[in-house]
**Student:** 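I have a structure here, written as structure tokens, and I will follow up with some questions on it.
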Amino acid sequence: MPPEQFQKQLLAWFDIHGRKDLPWQQNISPYRVWLSEIMLQQTQVVSVIAYFNRFVTRFPTVQALAEAGLDEVLQHWAGLGYYARARNLHKTAQLIAGNNGEFPQTVEELSALPGIGRSTAGAILSIACGQSQSILDGNVKRVLTRFHGVRGWPGETKVATRLWRISSEYTPQKRCGDYTQAMMDLGATLCTRSKPRCTSCPVIDGCEAYKLNLTSQLPEPKPRKTLPVKQVFFLVLQDRQHRLLLERRPPAGIWGGLWSLPEFADRQQLRDWCLQQDYQLSEPTELPVHRHGFSHYQLEYIPILATLQNPINYVMEANSAVWYKPSDIHSLGLPAPVKRLLQHNYLEDHDDKND
DNA sequence: AAGTCGGGGAT
DNA sequence: ATCCCAGACTT
């Protein structure tokens, strides 16, 4: 889609559906836009509104902010988090006050100030000064990765560079402030991270992610370096006929509905469960830890081997458990690591001639 | 390129 | 519970 058409459709949508009643959208000035942009870094709109109003009531101008003490500035920031933002805000206010209260009018000079990066500088210049400058915040990243079907994590330098280029290609020469606001509104209200409302989107006809049904896959999340490790204990319990105890897993979650070994978060829960089931065990043997990799985590499991010493109380098992001959487990469709564990320990035909 | 800062909302 | 949010800065 040509940039002119994208801008036209986006701005037409913004005129009807865009947010125009936020506190920092009234009495627009470089100071108020700057303050709002800093407060909105990594912070959601609903959380900022009250802080912004209290802040501009106490510090109506950049001069007032510069003349205040840092401790009072921090007091008005308390609860917003990322307190380096408040310290940088105060420092930058003093720099600007020393410049006769005038904000720099270039991206280079603005982003040289403490706490102002490239995107914040672009937002200030486009919204407060009417300059044709692009931004790339979380909303615009999400909108553009989807619209252009950009693969890869946006935090990666290569991907971010490409997104900056796309962002600048779509930035108009006219209505620059409205365009910047519109892109953020689109990302915040329609092109949301989960369950985007694509049918209401003004640029759906050019969206690559919508066309390829990839909206739920984009933008790609930060790649996990080391997968989280989840540790569990598997009880490998045999009765005196050498049958193995299997349990049906809950219908949802990993291995949903499959038969598997009873699983516990730790040794104590295993003991408690045996007590509750009226299982009297032999002295348990712990096998070395095994690992099984899933796409989203690593399962570390420790098999605990034991033999049942008392007769089975079938009433308590209530059909959620079953005792299976080791030679028959292959017909059961067990989870792969469980099957491997049982085969390795009970189905090796090395010395079970007399059984 | 990766780590840090932070309270709060969404899921 | 985890992930993410109108990011910027340091290591």
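Excluded from the calculations below are hydrogen atoms, water molecules and symmetry mates; all remaining heavy atoms, backbone and side chain alike, are included. Proteins come first, then strands; the chains are lettered A, B, ... in the order of their sequence lines, and each starts at number 1.
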**Student:** Tell me, do A:Leu125 and A:Cys176 make a side-chain contact under 4.5 Å, heavy atoms counted?
**Tutor:** no

**Student:** Could you state the atom-to-atom distance from CG of A:Leu186 to C1' of C:dA6 in whole Å?
**Tutor:** 14 Å

**Student:** Would you say that A:Glu208 contacts A:Leu218 through its side chain, given a criterion of any heavy-atom pair below 4.5 Å between the two side chains?
**Tutor:** no

**Student:** Would you say the side chain of A:Tyr82 lies within less than 4.5 Å of the side chain of A:Thr43, judging by non-hydrogen atoms?
**Tutor:** no

**Student:** Enumerate the ring-ring contact (aromatic ring centres under 6.0 Å, His included) contacts for residues 102-146 of chain A, please, sequence neighbours excluded, ordered by first and then second residue.
**Tutor:** A:Trp34-A:Phe103

**Student:** Using ring centroids (six-membered ring only for Trp), state whether A:Phe234 and A:His290 fall under 6.0 Å.
**Tutor:** no

**Student:** Name all pairs fulfilling the salt bridge (Lys or Arg N to Asp or Glu O under 4.0 Å) condition that reach into residues 16-29 of chain A, sequence neighbours left out, sorted by first residue then second.
**Tutor:** A:Arg19-A:Asp185

**Student:** Using whole Å, what does the distance between atom P of nucleotide C:dC4 and atom NZ of A:Lys222 come to?
**Tutor:** 10 Å

**Student:** Please tell me if the side chains of A:Leu163 and A:Val140 come closer than 4.5 Å, counting only heavy atoms from C-beta onward.
**Tutor:** no

**Student:** Can you build the contact string for nucleotides 5-11 of chain B? Use B for base contact, S for sugar-phosphate-only contact, and - for no protein heavy atom under 4.0 Å.
**Tutor:** BBBBS-S

**Student:** If you assign A:Gly115 and A:Asp137 each to the DNA chain C nucleotide with the nearest heavy atom, which residue ends up on the more 5' nucleotide?
**Tutor:** A:Asp137

**Student:** Can you check the distance between C:dA8 and B:dG9, where both ends of the measurement are the P atom (answer in whole Å)?
**Tutor:** 23 Å

**Student:** Measure the OG-NZ distance between A:Ser119 and A:Lys141 for me, rounded to the nearest 0.5 Å.
**Tutor:** 8.0 Å

**Student:** Are A:Trp24 and A:Ile127 close enough that some pair of their side-chain heavy atoms sits under 4.5 Å apart?
**Tutor:** no

**Student:** Using a cut-off of strictly less than 4.0 Å between a heavy atom of the residue and any atom of DNA chain C, enumerate the qualifying residues of residues 107-114 of chain A by number.
**Tutor:** A:Leu113, A:Pro114

**Student:** Is it true that A:Phe6 and A:Leu11 fall in one hydrophobic cluster, defined by side-chain heavy atoms closer than 4.5 Å?
**Tutor:** yes

**Student:** Roughly, in whole Å, what's the span from CD in A:Glu220 to C1' in C:dC3?
**Tutor:** 16 Å

**Student:** Which whole-number value in Å describes the distance from A:Leu40 CG to C:dC5 C1'?
**Tutor:** 10 Å

**Student:** Decide yes or no for A:Asn27 and A:Arg32: does some side-chain heavy atom of the first lie under 4.5 Å from some side-chain heavy atom of the second?
**Tutor:** yes

**Student:** Cluster question for you: counting only ILVMFWY and a side-chain heavy-atom cut-off of under 4.5 Å, with indirect links fine, are A:Ile49 and A:Leu35 together?
**Tutor:** yes

**Student:** Using the benzene-type ring in the case of Trp, are the ring centres of A:Trp273 and A:Tyr279 under 6.0 Å apart?
**Tutor:** yes

**Student:** Expressed as a whole number of Å, how far does the C1' atom of C:dC4 sit from that of B:dG6?
**Tutor:** 13 Å

**Student:** Which is true for A:Ile116 with a 4.0 Å heavy-atom rule: it touches a base, it touches only sugar-phosphate, or it touches nothing?
**Tutor:** sugar-phosphate

**Student:** Side-chain contact test, heavy atoms from C-beta onward, threshold under 4.5 Å: evaluate it for A:Phe147 versus A:Cys201 and give yes or no.
**Tutor:** no

**Student:** Within the structure shown, what part of the strands sits under 4.0 Å from A:Thr120 by heavy-atom distance: base, sugar-phosphate, or nothing?
**Tutor:** sugar-phosphate

**Student:** How long is the line joining CG of A:Asn88 and P of C:dA8, in whole Å?
**Tutor:** 11 Å

**Student:** Considering only the C1' atoms, how many Å lie between C:dA6 and B:dA1, rounded to the nearest integer?
**Tutor:** 24 Å

**Student:** Where along residues 139-153 of chain A does a heavy atom come under 4.0 Å from DNA chain C, residue by residue in number order?
**Tutor:** A:Asn139, A:Arg142

**Student:** Specify the residues of residues 158-185 of chain A, ordered by number, for which at least one heavy atom lies under 4.0 angstrom from an atom of DNA chain C.
**Tutor:** A:Met184

